[in-house]
Number of protein chains: 2
Amino acid sequence: MNTLAYGLLSLLSRSADSGYDLMLKIKPFWPAKHSQIYPLLAQLESDGLVQHVLVVQTDKPDKKVYSLTDKGKEALRAWLGVPADDPVTRDELTLKLYCMEQGDPADIRLLLEQRVAYCNERLKWLQAKIEAYKSPPNASPLPVVLLIQKARFYYQSDLEWAEWALQQLPEHGEEPQPD
Amino acid sequence: MNTLAYGLLSLLSRSADSGYDLMLKIKPFWPAKHSQIYPLLAQLESDGLVQHVLVVQTDKPDKKVYSLTDKGKEALRAWLGVPADDPVTRDELTLKLYCMEQGDPADIRLLLEQRVAYCNERLKWLQAKIEAYKSPPNASPLPVVLLIQKARFYYQSDLEWAEWALQQLPEHGEEPQPD
DNA sequence: AACACCATGTAATCAGTTACATGATTAT
DNA sequence: ATAATCATGTAACTGATTACATGGTGTT
């Protein structure tokens, strides 16, 4: 039982889902490809933690909709009682900045500008999510609110850092025009 | 040439180092065990990107001190010209919060309190780092300043989120005392 | 006496990505 | 026509962790 396995159980605790939808939903929290998820679901089923029913569709391919068993719920409950591993962020940008003197200053500037753009894009997406659950009929449950805010805090701080970092870079290499 | 390989080159661009020290230094940016680093350094050497000299020590075991070759520097320069991959954060806590209704509310509260403590600990460590380079003799180069600040922004925002999240939790289950 | 640090390496396993494989529906 | 989405699966490979292996110095 690795973290991805518990992650799938966690998603299923909110609503039954196909492997395909689980892949899409888990992406922001724990990236995984379908090639990792399908076999893992089969294993969780053989362990009795989830079960599936085949849902036949006419317009789209048939799908297997998985749901938690009592044993699965119990496994989740126990998992919530042990401390979470420390979060791990892998950000190539940090490694590139570490050796920034080795490269073209324009390249470094571009890397930071790309990060600013990326954060803005993610924040815009999150804002759309927030708007969607502001309308009373589909108010989001507390966990979803907590997680959306966590992402907002993260991207907002990274954005502010990247904009600050751009200002710390030496002036553009425009040598004074001789007249 | 994967990201870890470039990460090692990046560290070596600032100063020659042993595999052991590289492991310690790269940890905050790209976690890797010595069992991954030693073979990779050997491969980078056979590719002509790094070279090593054996440094004999009396009190401690001998070590191999690696440094960048010209070919290694050129590889770094080229790498800086391509966009950085999007950052990936894997945080078990997000998965646990997603299914928080399944567990004991006290467990959830504890998970968030542990996160608050962790962020405070990291911030304290970063503050010590900052103090260390405030004294003029050993002023840090720009990249190091940028990276320390990036980490500060991150842990500070995660801390603020976790403290906010604790307040969003339903009241403690202290049922009113019958008198 | 037991543990932590320094220092390097290999072997076995687990986790994650890329590629192979299929096939219908809908949008550009 | 070409691509994207939906939907599931396996095979091959790369990346990362854990375990095995050694051995001196310094600390509690």
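Below, chains carry the letters A, B, ... as their sequence lines are ordered, and counting in each starts from 1.
When the P atom of C:dT22 is taken as reference, atom OH of A:Y38 falls 17 Å away, rounded to whole Å. One interatomic measurement links the two molecules: CG of B:D62 to P of D:dG24, which rounds to 13 Å at whole-angstrom precision. Atom CG of A:D86 and atom P of D:dT17 are 13 Å apart (whole Å). Rounded to whole angstrom, the span from the CG atom of A:L40 across to the P atom of D:dG9 amounts to 12 Å. Atoms CG (B:L41) and P (C:dA7) sit 14 Å apart, rounded to a whole Å. Rounding to whole angstrom units, CG of residue B:D59 and P of D:dG26 are separated by 7 Å. Remark: C1' of C:dC14 and CD of A:Q43 are 12 Å apart, rounded to the nearest angstrom. In this structure, NZ of A:K33 is placed 13 Å from C1' of D:dT14, rounded to the nearest angstrom.
Regarding contacts with the backbone of C:dA15, every side-chain N or O of A:W30 stays at 4.0 angstrom or more from both OP1 and OP2. In this structure, B:R90 does not reach the C:dA15 phosphate: none of its side-chain N or O atoms is under 4.0 Å from OP1 or OP2. OP1 and OP2 of D:dC6 both lie 4.0 Å or more from every side-chain N or O belonging to A:Q57. Contact between the side-chain N/O atoms of B:Y20 and the OP1/OP2 oxygens of C:dT8 is not found at any separation under 4.0 Å. Considering only side-chain N and O atoms, A:Q36 lies under 4.0 angstrom from the phosphate OP1 or OP2 of C:dG16. Within the 4.0 Å cut-off from OP1 or OP2 of D:dG26, not a single side-chain nitrogen or oxygen of B:K60 is found.
Atom CG of B:L11 and atom OH of B:Y66 lie 14.5 Å apart (nearest 0.5 Å). Here A:W79 contributes atom CH2 and A:S10 contributes atom OG; the two are 5.5 Å apart, rounded to the nearest 0.5 Å.
For the pairing with A:R115, the side-chain contact (heavy atoms from CB on, under 4.5 Å) check across A:L110, A:L159, A:L93 returns one residue only, A:L93.
The side chain of A:L24 lies closest to D:dC6 when the candidates are D:dA11, D:dA7, D:dC6. Closest contact between the side chain of B:P61 and the listed nucleotides C:dA7, D:dG9, D:dT17 involves C:dA7.
Within a 6.0 Å radius of CZ in B:R14, other residues, nucleotides and ligands contribute more than 12 heavy atoms.
Contact of B:S35 with D:dT18 (side chain to base): a donor-acceptor pair of N or O atoms is detected under 3.5 Å.
Checked for salt-bridge contact, A:D158 and A:R122 miss the test: no charged N lies under 4.0 Å from a carboxylate O.
The nearest heavy atom of DNA chain C to B:K64 and to A:M1 marks one nucleotide each, and the one closer to the 5' end goes with B:K64.
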